[in-house]
Each structure stands twice: as structure tokens, then as C-alpha cells.
Amino acid sequence: MSSTEPPPTPVAHLSDLPLREDLRGSSPYGAPQLDVPVRLNTNENSHPVPEAVATAVVEALAREVISLNRYPDRDAVALRTDLAAYLERSTGLPISPEQVWAANGSNEVLLQLLQAFGGPGRTAIGFTPSYSMHPILTATSGTAWVDGGRGEDFALDGAEVAEQVRSAGDGGADVVFLTSPNNPTGTALDLDVVEAAYEATSGIVVVDEAYAEFARRGTRSAVALLPGRPRLVVTRTMSKAFALAGARVGYLAADPALVEALLLVRLPYHLSALTQAAARAAVSRADALLATVEATMAQRDRIVEQTRELGLAPVASDANFVLVGGLADAPAAWEALLARGVLVRDVGIPGHLRVTAGTEDETAAFLTALRELVAHGEVVARGEVTAESSVASGTLGR
Ligand SMILES: *Cc1c(COP(=O)(O)O)cnc(C)c1O
């Protein structure tokens, strides 16, 4: 190209492109990422990867680099074997490697599920408020989305869920999303809700257990329901409890036949050799990584207790975050916290903000800032007994 040629004219607007009709006007996923001292808005694990684990990951990657001229194991058999062993240990339930599938984050697992079991002419349902990626992934796969509802206190009841699953789309939902513990409300589901959803559809039921490791004692994983239910899927991730969000590793447990279906839609070599090696090194040191889980749960419980003492209405949490209700004006409270250097998430539920349980210091910074707001009357608790405070007292189904 000679220097006298004009540069190519850039395409000015997205609307100039022949974009799929059903994607026009939609907006990309994006939690606002601001550069502030205390970031408690995306439910990451606030604890860095422990030194010993980091060293093991680096050594595993180093061993892999020399053979990057070759494609990785397409089926990630060694990693799936390690993940099956981890799941078996943590749930006490038998899981074989053939029942496990892994991809770049549980988001890719979810997309592959939709590519195989959703698509044009099919319908997926989720129960709002829940994980905002479920409807987005559903839309990108050309699947119709139905916004299912929850009770006033965010609870889900088996019979009501079954009814909504049956009446979704033409002839019922083909894909059902249940999130347990739920994001953004935080509470885990009773397994009878999962069973009711399963009985109500001939499609698949996906239980997104991204936060399972943080659940309160006695919470049962939907992994327990897998035997005899070939259309049930439980998804997990290394992004939260394992403190490995940057590595992008998610996985699922299901019937081996369902895993076979995903081989039809996955990209060949979707999981790089580096990702597989890093994940294996991390899973083999699960105990060291999961040591931060107890600490995080303690901070979560501290947020629940102290926000309740401030007259607010935290929702019972089985996750590494708390949905705090009882705020007079959530957007104003979000702004005021930000002005004090604390970034939390306004998930669009009136009167509520979601805050990630961080390190002890981060949690202290949040609670101090919140206490100041309440003291200055900037965040006026509603005071009266509301639906939120009945949720806080533990009546939410779990
Ligand atoms: C954070 C989160 C995930 C994690 O997705 P990855 O792609 O594994 O990072 C999945 N589901 C829910 C409900 C989440 O909140």
C-alpha cells in the first residue's frame, strides 16, 4: 500500500451491518468495571491464588509449552477425570469421567447445552431474578426465552415451577435453567424444585451450581439427582470457589449420553493445552485453593448479620455474596458507596444491592461505608416488616 492511498473507511455503525434481526437492539453483557479500591461487584474470589498453587500452575504450563506445536487433547480426558474425582470427593456421590464435560468457563458449557438442546423453534425458561447470562446465551443460540417468575420473597415452589415449565412456549420449555445457589439472590434451592421441573419437561434441566462450594451446611447438590435422570445437568465452575476466574474453566456433570451430545457442537480443540494444564494443576491442589472458602463464608455471614443490625434486609445466602434489601433508593446508595471507594452491583431489583463477600478488609470497608450512609440518613431503611425481612429471617425455601 502506498502512503498516498487514503486509509480504509471504517464501518460507522453496527446498524449498517447485516446483523441477525433477533440480535438488533440487544446490548452485550457487562458489569461496569471501574477502577476503585474495593471491588465487590462481580462475585470473584477476592483472595489471590496461593503462592504454592501458583508455582504448581506455572510448572505445569512450562511443561506444556514445548509441545504447543500439537493440538491439545480434544476431549480433555485427564482434566475430566480429575474434575470427576473432585466432584465425587466433595459431594460424596459416585461420578465417572464420562459424566463430566469441561469448557472455557461454565458460560461455554451453557452455550454448548443450548446449541445441542435449544435453537430455533425451541424455548428456554429461567426464573427471574437470576443469572443474566442465561437469557443472553439463550438468545445467541436462537432459542426463545421465557422469563419465569418467583414468589414475592424470591422463593421457588416446585408446583409453581412445574406449571411455568409446562406452559412455556408451544408445548413446554425445552431447556429449564435453575440456579442454586441463585445469583443475585444468594439462596440455594430445595431439590424437590429440581425434581418437579424435571418431571414437567421432556427437555433438559440445567442446575447452575456456580456457587455450590459456599452453600450452608446441609445444602444438597443436584448431583444427587443425576442417577436415573439422563436429561438433568449440573454445571459448576472454577471461577468462584477455586479463585480461578481468569483461567476460564467450567464443567458439568450429567449422563454420559448427554456429554456425547455436546461433542456434536463443541469447537474442535476448544480447551487449550494451557487451560487444561493450569486447571489440572489447580484441581490437584483443591484443598489449598478452597481454604479461602471458609474465610469468604465468614465474611458473607458477617455482611448478613451487620446489615440486618443496620435495619436493612439481607437475603439468606448460600453464596459468596449477599443481596441486601431494605434500601430506600438503591441507585443512590450504589453511587454513595462508589463515592466512598466501594463498588457493588445494582442488579436492578428496587431497594436492593448485591455485594460480594471480599477479604476481611474489603468487607470492613463496605460495612463502614454503609454504616456512614445509614448514619447520615442517605440510605434510609424502610423499617417496617417487609417481604424482604421475612426472607432475611430464613423463610426463603432452600
Ligand atoms: C459467576 C457465575 C458463573 C461463572 O461463569 P464462568 O463462565 O464459569 O466464569 C456461572 N453461573 C453463575 C450463576 C454465575 O454467577
Side-chain angles (χ1 to χ4, degrees), residues 28-31 33 39-46 49 76 79 83 86-87 100-115 124-138 140-141 148 150 154 156 175-189 194 205-215 219 221-222 233-253 262 266 270-272 275-276 278-279 282-283 289 293 296 300 315 317-323 344-345 347-349 354-358:
Y29 170 85
Q33 281 300 7
R39 292 204 320 221
L40 301 174
N41 66 325
T42 52
N43 299 343
E44 291 151 330
N45 193 319
S46 286
V49 174
L79 173 59
L83 289 169
Y86 163 71
L87 258 191
V100 173
W101 180 245
N104 295 282
S106 51
N107 271 269
E108 188 181 26
V109 173
L110 295 170
L111 180 59
Q112 292 172 340
L113 287 165
L114 285 157
Q115 288 175 318
I125 187 173
F127 300 87
T128 307
S130 192
Y131 187 40
S132 60
M133 279 310 296
H134 295 159
I136 294 176
L137 293 167
T138 295
T140 59
S141 67
R150 288 172 182 264
F154 308 122
L156 284 182
V175 178
V176 180
F177 287 106
L178 294 168
T179 313
S180 179
N182 189 42
N183 175 12
T185 57
T187 320
L189 274 181
V194 179
V205 174
V206 181
V207 186
D208 184 336
E209 290 193 353
Y211 300 97
E213 284 91 348
F214 299 103
T219 306
S221 165
V233 187
V234 181
T235 63
R236 295 279 187 111
T237 181
M238 296 189 75
S239 296
K240 307 287 160 59
F242 275 91
L244 228 56
R248 308 305 301 127
V249 185
Y251 56 104
L252 63 71
L262 300 183
R266 62 92 189 273
H270 66 295
L271 209 48
S272 85
T275 303
Q276 294 185 40
V283 175
L289 277 170
V293 167
T296 302
R300 179 228 20 230
V315 178
S317 178
D318 290 295
N320 66 343
F321 58 85
V322 181
L323 185 68
V344 299
R345 187 80 170 266
V347 291
I349 306 173
R354 192 193 69 188
V355 57
T356 306

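All ligand and atom numbering here is 1-based and tracks the order in the structure.
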Donor on one side chain, acceptor on other, N182 and T187, under 3.5 Å: no

Indicate yes or no: at least one non-hydrogen side-chain atom of F177 is less than 4.5 angstrom from one of T138. yes

What are the polar N/O contacts of ligand 1 with the protein below 3.5 Å, with distances?
from	atom 1	to	atom 2	distance (Å)
ligand 1	5 (O)	S106	OG	3.1
ligand 1	5 (O)	N107	ND2	3.0
ligand 1	7 (O)	S106	N	3.2
ligand 1	7 (O)	N107	N	3.0
ligand 1	7 (O)	N107	ND2	2.8
ligand 1	7 (O)	R248	NH2	2.8
ligand 1	8 (O)	S106	N	2.7
ligand 1	8 (O)	S106	OG	2.8
ligand 1	8 (O)	T237	OG1	2.5
ligand 1	8 (O)	S239	OG	3.4
ligand 1	9 (O)	S239	OG	2.6
ligand 1	9 (O)	R248	NH1	2.8
ligand 1	11 (N)	D208	OD1	3.1
ligand 1	11 (N)	D208	OD2	2.8
ligand 1	15 (O)	N183	ND2	2.8
ligand 1	15 (O)	Y211	OH	2.6
ligand 1	15 (O)	K240	NZ	3.3

Are F321 and Y211 an aromatic pair by the rule of ring centers under 6.0 Å? yes

Does one side chain, of T235 or S106, offer a donor that lies under 3.5 Å from an acceptor on the other? no

In this structure, which one of V315, N183, L40 forms a side chain to side chain contact (heavy atoms under 4.5 Å, CB included) with R354? N183

Do Q276 side-chain atoms and L79 backbone N/O form a donor-acceptor pair below 3.5 Å? no

